[in-house]
Amino acid sequence: MNASTGGHGPAGELSDWYAAHGRDLPWRRAGTDAWRILLSEVMLQQTPVARVLPVWERWARRWPAPSDMASATAGEVLREWGSLGYPRRALRLHECAGILAREHDDTVPGDVETLLRLPGIGAYTARAIACFAYGQRVPVVDINVRRVVARTVHGRGDPGPPSTRRDLEDVAELLPAGDADASRFSAALMEFGALTCTARAPACGTCPLTECRWRALGFPAYEGPKRTTQKFEGTDRQARGRLMAVLRAAQGPVARERLDVAWTRDPAQRDRALGTLLTDGLIEQTPSGEFALPGEH
DNA sequence: AATTCGGGGAC
DNA sequence: GTCCCAGAATT
């Protein structure tokens with residue numbers, strides 16, 4: 001046991017746990033380049049690993065470099081995105097690929113400040129790329145990390161609303177000294193939150209940590225603002241998703257009437273949804289008034 | 001700081 | 001039905 005493979009203290013305990021229980025995810029394998037890691041991080045925004053896996057495999061094969069994706073149409077990218085959700089992510093990724101190809105020599109920048117200026121790359125993703133693709137010692141804070149820190153350090157069952165400043169400071173204090181150790185620690189922290197210290201039913205019975213403030217306090221229940229759960233069934237949001245699914249499946253442009261929806265039979269909702277999709281650039285209208293994925297007519 | 005942006009699977 | 005998921009952008 002030594003500093004790099006584990007040892008005592010939270011970082012060591014998690015590192016040992018990660019060595020034994022970490023999943024063999026393809027974007028974690030040695031040799032995976034920064035561009036493919038970027039792809040995985042964007043896909044994983046609010047989307048579970050299991051759903052990302054098959055799509056990532058196809059993307060990594062089809063668009064091996066940013067310039068490859070940049071030369072595809074936005075519509076093609078949206079098709080490959082499939083039903084991962086939040087399709088604007090795919091649009092931003094396409095835009096990001098163009099910027100990387102034109103302004104960054106077809107490579108992914110390694111510094112957080114530059115990454116943060118790219119479309120679709122925010123506080124989490126920029127640091128995840130710097131950490132996992134370039135081995136830098138930067139705090140990487142996703143929902144898993146926030147939850148693990150809330151419990152083990154602050155003794156709360158739930159992290160509550162995010163505060164980027166506070167969250168980054170919290171995790172920065174925990175990082176081991178060296179780049180490699182810090183990078184590994186962040187991966188372990190995220191994996192631990194995803195597999196053991198989970199939101200719904202944490203497996204405290206098999207927890208590898210010697211000390212946990214939440215456990216020490218007797219697992220106090222979360223007290224704080226309730227998260228507002230928004231409806232989906234029957235909403236315009238669902239309608240937009242269904243329209244995108246129809247257009248992804250279509251070979252070419254589709255007339256407005258053919259987008260009539262058996263699931264609502266509400267032309268007003270259909271047109272509202274189409275309007276939003278047009279505004280967001282997720283679809284385009286042909287001169288004859290039909291609808292299509294961008295660049296596919 | 002609060003809202004909005006999909007979709008599917010677990011419970 | 002509710003909750004959750006490697007968040008970002010906008011207001």
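All chains are named by letter (A, B, ...) in the order of the sequence lines, taking the proteins before the strands, and each is independently numbered beginning at 1.
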- Query: Hey, does the side chain of A:Gln45 come within less than 4.0 Å of C:dG7's phosphate (OP1/OP2), counting only N and O?
  - Reply: no

- Query: Roughly how many Å is it from CZ in A:Arg117 to C1' in C:dA9, rounded to a whole number?
  - Reply: 18 Å

- Message: Do A:Leu91 and A:Ile283 sit in one hydrophobic cluster, given that two such residues count as connected whenever their side-chain heavy atoms are within less than 4.5 Å of each other, even indirectly?
- Response: yes

- Rounded P spacing from B:dG8 to C:dA9 in Å: 24 Å

- Query: Do A:Leu39 and A:Ile99 belong to the same hydrophobic cluster, where Ile, Leu, Val, Met, Phe, Trp and Tyr are linked whenever their side-chain heavy atoms lie under 4.5 Å apart, directly or via other members?
  - Reply: yes

- Integer-rounded Å distance: C:dC5 P and A:Leu53 CG: 17 Å

Report each atom pair, protein N/O against N/O of nucleotides 9-11 of chain B, whose distance is under 3.5 angstrom.
residue	atom	partner	partner atom	Å
B:dA10	N3	A:Arg200	NH1	3.4
B:dC11	O4'	A:Arg200	NH1	3.3

- Task: Give a yes/no on whether any side-chain N or O of A:Thr125 is located under 4.0 angstrom from OP1 or OP2 of C:dA8.
- Result: yes

- Say you pick atom C1' in B:dG6 and the same atom in C:dC3; how far apart are they, in whole Å? 15 Å

- Query: So, do A:Ser83 and A:Arg248 sit near enough that their side-chain heavy atoms are less than 4.5 Å apart?
  - Reply: yes

- Answer yes when A:Glu169 and A:Arg165 have at least one side-chain N-carboxylate O distance shorter than 4.0 Å, and no when they do not. yes

- Rounded interatomic separation in angstrom, taking CG from A:Leu195 and P from C:dC4: 17 Å

- Message: Hydrophobic cluster membership, with links at side-chain heavy-atom distances under 4.5 Å among I/L/V/M/F/W/Y: are A:Ile121 and A:Trp81 in one?
- Response: yes

- Item | Selection from C:dC5, C:dC4, C:dC3 that lies nearest to any side-chain heavy atom of A:Pro48 | C:dC5

- Note on the structure: Contacts satisfying side chain to side chain donor-acceptor pair (under 3.5 Å) that involve residues 137-146 of chain A (not counting sequence neighbours) are A:Asp142-A:Asn144, A:Asn144-A:Arg147

- Message: Under 4.0 Å from OP1 or OP2 of C:dC4: is there any side-chain N or O of A:Arg227 that close?
- Response: yes

- Message: Applying a strict under-4.5 Å side-chain criterion to I, L, V, M, F, W and Y, I'd like to know whether A:Leu84 and A:Leu282 cluster together.
- Response: no

- Message: Please classify the nucleic acid contact of A:Leu277 as base, sugar-phosphate, or nothing, using heavy-atom distances under 4.0 Å.
- Response: nothing

- Item | Check: A:Thr47 side chain, B:dG6 base, donor-acceptor under 3.5 Å | yes

- Message: Both A:Arg23 and A:Ile121 contact DNA chain C. Taking the nearest nucleotide for each, which residue is further toward the 5' end?
- Response: A:Arg23

- P gap between B:dC11 and C:dA6, integer Å: 15 Å

- Query: Atom CD of A:Gln46 to atom C1' of B:dT3: distance rounded to whole Å?
  - Reply: 13 Å

- Note on the structure: Atom CE of A:Met43 and atom P of C:dA6 are separated, to the nearest Å, by 16 Å

- Message: Heavy atoms within less than 4.0 Å of DNA chain B: which residues of residues 140-165 of chain A have one? Give them sorted by number.
- Response: none

- Which part of the nucleic acid, if any, lies within reach of A:Ala128 when heavy atoms closer than 4.0 Å are counted: base, sugar-phosphate only, or nothing? nothing

- Task: List in numerical order all residues of residues 78-104 of chain A for which some heavy atom is under 4.0 Å away from an atom belonging to DNA chain C.
- Result: A:Arg92

Under 3.5 Å, which donor-acceptor pairs do the side chains of residues 204-212 of chain A form with other protein atoms, sequence neighbours left out?
residue	atom	partner	partner atom	Å
A:Thr206	OG1	A:Ala203	O	3.3
A:Thr210	OG1	A:Glu13	OE2	2.3

- Query: What is the distance from CZ of A:Phe232 to C1' of C:dC5, rounded to the nearest Å?
  - Reply: 15 Å

- Item | Minimal non-hydrogen separation, A:Leu53 against A:Pro26, with atom names | CD2-CD, 3.4 Å

- Which whole-number value in Å describes the distance from A:Arg242 CZ to B:dG8 C1'? 13 Å

- Message: Any carboxylate oxygen within less than 4.0 angstrom of a Lys/Arg side-chain nitrogen, looking at A:Asp236 and A:Arg240?
- Response: no

- Please list all pairs passing the side chain to side chain donor-acceptor pair (under 3.5 Å) test where one or both residues lie in residues 27-37 of chain A, with sequence neighbours left out. A:Tyr18-A:Arg28, A:Asp24-A:Arg29, A:Arg28-A:Glu191, A:Asp33-A:Arg36

- Task: For residues A:Asp181 and A:Phe185, determine if any side-chain heavy atom of one lies less than 4.5 Å from a side-chain heavy atom of the other.
- Result: no

- Message: Counting the atoms with a prime plus P, OP1 and OP2 as sugar-phosphate, which does A:Ala123 contact under 4.0 Å by heavy atoms, base, sugar-phosphate, or nothing?
- Response: sugar-phosphate

- Polar contact flag, side-chain donor to acceptor under 3.5 angstrom, A:Arg89-A:Thr47: yes

- Message: I need the OH-C1' distance between A:Tyr222 and C:dC4, as an integer number of Å.
- Response: 15 Å

